[in-house]
Every structure is written in C-alpha cells, then in structure tokens.
Amino acid sequence: MKVFKFGGASVKNANAVKNVVTILSSTLKNDKNNPLIVVVSAMGKTTNLLESLVDAYYQSKPTQTIVDEFKSFHLNIVDELNIKDLSNINITFQQLAYKLSLPHSDNYHFEYDQIVSFGEQLSTKILAEYLNQTHLKATWFDAREVIKTNNKWREAKVNWELSQTKYDDILLPKVRENKIIITQGFIGSTLTNHTTTLGREGSDFSAAILAYFSNAESVTIWKDVPGMLNADPKYFKGTVLLTKISFTEAIELAYYGASVIHPKTIQPLKKKDIPLYIKSFIKPNEGGTAIQSSTKYDAKVASFIFKPNQVLLSVTPKDFSFIIEDNLKDIFAILSDENVRVNLMQNSAVSFSFLIDDKYNLQQIITHFKNDYLVKYNQNVELLTVRHYDDDTLERLTNGKQILLEQKTRQTARIVLG
Ligand code: ASP
C-alpha cells in the first residue's frame with residue numbers, strides 16, 4: 001500500500017488533473033496489485049477563496065459573488081474534463097448553499113472549518129468522477145469518517161487511537177477491495193461529527209496520518225518543485241536538491257520554515273519508519289528527495305532557510321522582577337490565547353525576546369502585555385537559519401547587516417537580521 005498526496009497546484013486546472021491521472025495510471029501499471037490511497041487538497045487557490053467566503057458569511061455580508069466564483073471555477077474544470085455525472089458534485093454545491101442559508105454561530109473558527117472544508121470535498125469528487133470515466137476505477141472516501149479529532153477548530157488534534165479503529169473498521173476493507181481510494185487532505189471531524197481542519201497546508205499531514213494507520217510502504221508528496229532544496233531559490237543562488245535526508249533532518253528543516261512539507265508530517269512516518277518521497281508532478285520520472293531513517297547524508301550539504309517579514313518583540317517586567325517561571329507562564333498564556341506561533345525566543349535576566357511572523361495583530365498582542373511589561377519591538381526584520389553552518393558562510397551571509405539576535409547549536413545557527 002502506498003499513499004500519494006497531491007496539493008492544490010497539482011489539481012489547479014483540467015490539465016493538471018489529467019496529469020495526476022497519468023501519474024496514477026503509470027504507477028499502477030508498474031505496481032499492479034498495490035493499492036493506493038490518494039490524498040488531495042483543494043484545487044488551486046480555493047482555500048483562500050473559501051476563507052473570504054467565511055469572512056463574508058460571518059460578517060453577514062453578501063456571499064453570492066464568492067459562491068459564484070467558487071462554482072464557476074470548479075464547473076469549468078468539470079466541463080473541460082468532460083465529466084458526465086454531476087450528481088455528486090452538485091450535492092456538494094447544495095450542501096454549501098444550505099450551510100450559508102443558516103445563521104452563523106458565534107464561533108468564527110468553527111464556521112471556518114465548516115466552510116473551508118468544501119474545497120477538499122469538491123476537488124476529490126471531481127478527481128474521483130474523472131478517474132471513473134477512465135479505465136482506472138476509484139473510490140471516493142470521506143476522510144472525516146476516519147480522521148477523528150478534538151474540537152480545536154482550525155488546528156484540530158488527531159485522536160490517534162480512535163482514528164486507527166475507524167481506519168481498521170471502515171477504510172481498510174475498502175482499501176482491500178479497491179485499487180485507488182481518493183480522499184481529502186486537511187479535514188477531519190469531531191466525535192459529534194462536526195468538520196474540523198488540521199491547519200493550513202495540513203494535507204501533507206493527512207497523508208502521513210493515513211500512512212501511519214495503514215502501515216503504508218511509502219508516502220509520496222507530489223509538488224511543483226523537484227524535491228526538497230537546500231534553500232529557497234527565491235532568496236538564494238545555486239540551490240541544490242537534497243536527494244536523501246533523515247527524518248530528523250527533515251523535521252528540523254520543516255520546523256525552521258522550509259515550506260516544502262508541513263512540519264507535522266514527519267513524526268508519524270518516523271515512528272513507523274515509512275519513507276517519504278517528495279517528487280515533481282511536472283517531471284514524475286526524476287528522483288526527488290527521499291526522507292528516511294539514515295542520517296548518513298544529512299551534513300553533506302548546508303541548508304538555508306530565510307524568513308522575511310518578522311517582528312522581534314522584547315518584554316521587560318515593569319516591577320523590575322527577573323524573567324522567571326511565573327513571568328514565562330504569563331507570557332506564554334498570552335501568546336497561546338492569541339494563537340501566536342513563536343519562531344525564536346531568548347531571555348536574559350530581565351527581558352524576554354521573541355520573534356513572530358508579521359501577520360498577527362501586533363497592537364492587540366502589545367495591549368495584553370502593556371500593564372505588566374515594557375514592550376519594545378522591531379518590525380521588518382529577517383530570520384536566517386543555517387543547518388550545518390560554518391563560520392565563513394555565516395560571515396558572508398550577514399556581512400554589512402545588523403545582527404539583532406544570534407543563537408547557535410552544533411548543527412544550527414539562527415540569526416535575526418535588522
Ligand atoms: N487546502 C488547504 C490549504 O490550502 C490544505 C492543503 O492544501 O494542504 O491550506
């Protein structure tokens with residue numbers, strides 16, 4: 001059993017969907033009796049569009065223009081693919097219309113999950129219908145039947161034990177009967193069957209979850225890049241492909257911000273020693289990156305991760321107290337309440353500094369601190385992370401720039417540049 005994951009870019013239009021089918025077809029030709037679970041994201045930029053729909057719905061503004069755009073985008077693809085049976089696809093449109101006809105609850109995050117999940121429902125229905133018109137027969141499966149989560153809307157936590165049971169009871173028999181299962185990334189459901197999502201870009205994680213439950217022999221994430229590069233070509237010249245790296249290395253790189261895979265993806269695979277391949281859907285015959293258990297190849301190439309648009313905040317207790325556990329507890333409670341993800345932190349005796357993406361409501365965060373802390377911040381700073389660094393390289397990269405903060409371990413250097 002193998003698990004494949006196709007992201008939004010790989011199903012962004014009719015030709016892209018046809019390309020997915022070519023990849024599936026040639027995989028099955030070479031590996032006839034091996035079933036595939038195919039995890040699919042929403043098509044193209046659909047999730048962003050649905051986010052604007054959630055906003056409109058929640059603010060009780062007109063939603064029709066956005067719904068029309070959502071429908072026509074998908075129906076154009078359906079039309080170009082010459083899909084004849086629209087009944088399943090139309091049910092999804094009707095369900096969305098019904099949801100939008102109801103008054104919204106007071107919980108924005110809840111409403112977000114109920115609406116944004118329509119992107120994945122539709123993309124998988126379109127792909128499954130199209131596959132069923134070819135010689136490849138596919139079974140559409142609702143991932144929410146298996147991926148059971150808590151109700152932390154938009155960042156739901158998986159209930160691994162219950163989901164494993166659901167997998168064994170519901171999906172496994174289908175996998176045994178069918179060569180291709182088409183299912184959604186990104187979505188799950190609570191015990192009371194309300195839809196949840198696993199965080200933006202969470203479909204990679206869904207693929208890893210299903211691979212874990214099914215003890216898959218491998219996972220392949222198909223991307224529009226040749227694999228995992230040692231740096232983002234947008235920011236660095238002369239990038240190289242990491243052909244083989246360890247799970248640990250991949251976790252570190254993803255955690256530090258290498259955006260090729262979702263950081264949560266690796267842990268479940270590492271636990272069961274299931275290799276992860278990252279390959280190009282444009283050049284499917286090329287090798288890509290293999291992420292596996294051996295650490296032998298990790299230090300061969302230095303990797304660079306650059307995060308622009310950062311804000312560095314420093315908070316100092318007004319009562320002259322030291323930064324000790326009590327203060328840290330308060331600080332983290334504020335950050336957790338605001339759903340802020342910290343990219344780097346450091347403390348001295350009297351201040352605590354942390355770096356965050358410039359996407360949060362900064363004034364709101366500052367307001368929480370203002371009573372008890374003096375707050376200073378620098379906007380527009382950059383975070384550079386170098387794995388397997390050497391001093392000459394660091395010198396070259398930081399030359400002429402203002403270093404605001406620096407952290408080094410044996411393998412990793414992290415530098416905040418002004
Ligand atoms: N469609 C979701 C997103 O765009 C999940 C995913 O693609 O991984 O974030």
Side-chain angles (χ1 to χ4, degrees), residues 3-13 16-17 19-20 37-55 66 69-71 73-74 77 92 96 108-128 140-144 146-147 149 152-158 182-189 195-212 219-225 228 250 254-255 257-269 276-281 291 339 341 357 359:
V3 177
F4 279 5
K5 183 258 168 171
F6 290 96
S10 64
V11 286
K12 68 176 182 200
N13 55 34
V17 175
N19 182 51
V20 167
I37 295 182
V38 181
V39 174
V40 187
S41 298
M43 293 176 146
K45 301 262 179 267
T46 298
T47 305
N48 294 352
L49 182 68
L50 289 171
E51 284 186 340
S52 65
L53 181 60
V54 181
D55 288 347
I66 307 172
E69 189 180 338
F70 175 75
K71 271 177 103 167
F73 170 73
H74 288 93
I77 296 176
T92 305
L96 177 63
Y108 176 86
H109 300 306
F110 167 80
E111 299 298 354
Y112 179 102
D113 283 358
Q114 310 319 303
I115 291 175
V116 162
S117 51
F118 276 91
E120 270 71 12
Q121 294 180 53
L122 207 49
S123 65
T124 48
K125 284 192 173 176
I126 294 173
L127 178 61
W140 182 85
F141 184 76
D142 191 333
R144 293 171 293 186
V146 164
I147 300 188
T149 69
K152 190 162 187 336
W153 315 109
R154 301 181 69 178
E155 273 300 334
K157 299 265 172 306
V158 175
I182 304 288
T183 195
Q184 308 77 40
F186 185 47
I187 68 176
S189 72
T195 304
T196 51
T197 63
L198 306 175
R200 286 298 309 257
E201 310 292 331
S203 296
D204 292 353
F205 185 39
S206 302
I209 295 167
L210 292 173
Y212 180 92
V219 175
T220 306
I221 295 182
W222 297 90
K223 306 269 312 181
D224 54 0
V225 290
M228 210 158 168
Y255 175 77
S259 55
V260 177
I261 36 173
H262 190 281
K264 287 185 188 160
T265 312
I266 313 289
Q267 294 280 44
L269 302 179
L276 168 63
Y277 302 107
I278 300 168
K279 286 171 67 104
S280 158
F281 62 74
I291 298 170
N339 266 330
R341 187 182 184 283
D357 289 346
K359 67 176 185 188

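Along the sequence shown, the residues carry numbers beginning at 1. In each ligand, atom 1 is the first atom listed, and ligand 1 is the first ligand listed.
- Between Trp153 and Tyr112, the distance from one ring center to the other does not fall under 6.0 angstrom.
- Ion pairing of Arg200 with Glu51 is present here, as a side-chain N (NZ or NE/NH1/NH2) and a carboxylate O approach within less than 4.0 Å.
- Under 4.0 angstrom from ligand 1, there are no non-hydrogen atoms of His262.
- Of all the atoms in ligand 1, the ones that sit under 4.0 Å from a non-hydrogen atom of Thr47 are 1 (N), 2 (C), 3 (C), 4 (O).
- The single protein non-hydrogen atom nearest to atom 4 (O) of ligand 1 is Arg200 NH2, 3.0 Å, given as residue, atom name and distance.
- Of all atoms in ligand 1, listed by their number and element, those nearer than 4.0 Å to a heavy atom of Phe186 are 2 (C), 5 (C).
- Among all non-hydrogen protein atoms, the one lying nearest atom 6 (C) of ligand 1 is Ser203 OG, 3.2 Å.
- In this structure, OG1 in Thr124 is found 7.0 Å from CD1 in Ile187, a value given to the nearest 0.5 Å.
- The minimum heavy-atom distance linking Phe205 with His262 is given by the pair CB-ND1, 4.4 Å.
- At least one N/O-N/O distance between Glu120 and ligand 1 falls below 3.5 Å.
- Taking CG from Asp204 and CD1 from Ile221, the interatomic distance works out to 3.5 Å, rounded to the nearest 0.5 Å.
- Remark: ligand 1 and Ser41 share an N or O pair separated by less than 3.5 Å (distance only, no angle test).
- Residue contact check for ligand 1: Gly202 places a non-hydrogen atom closer than 4.0 Å to it.
- Using a 4.0 Å cut-off between charged side-chain N and carboxylate O, Glu120 and Arg144 make no salt bridge.
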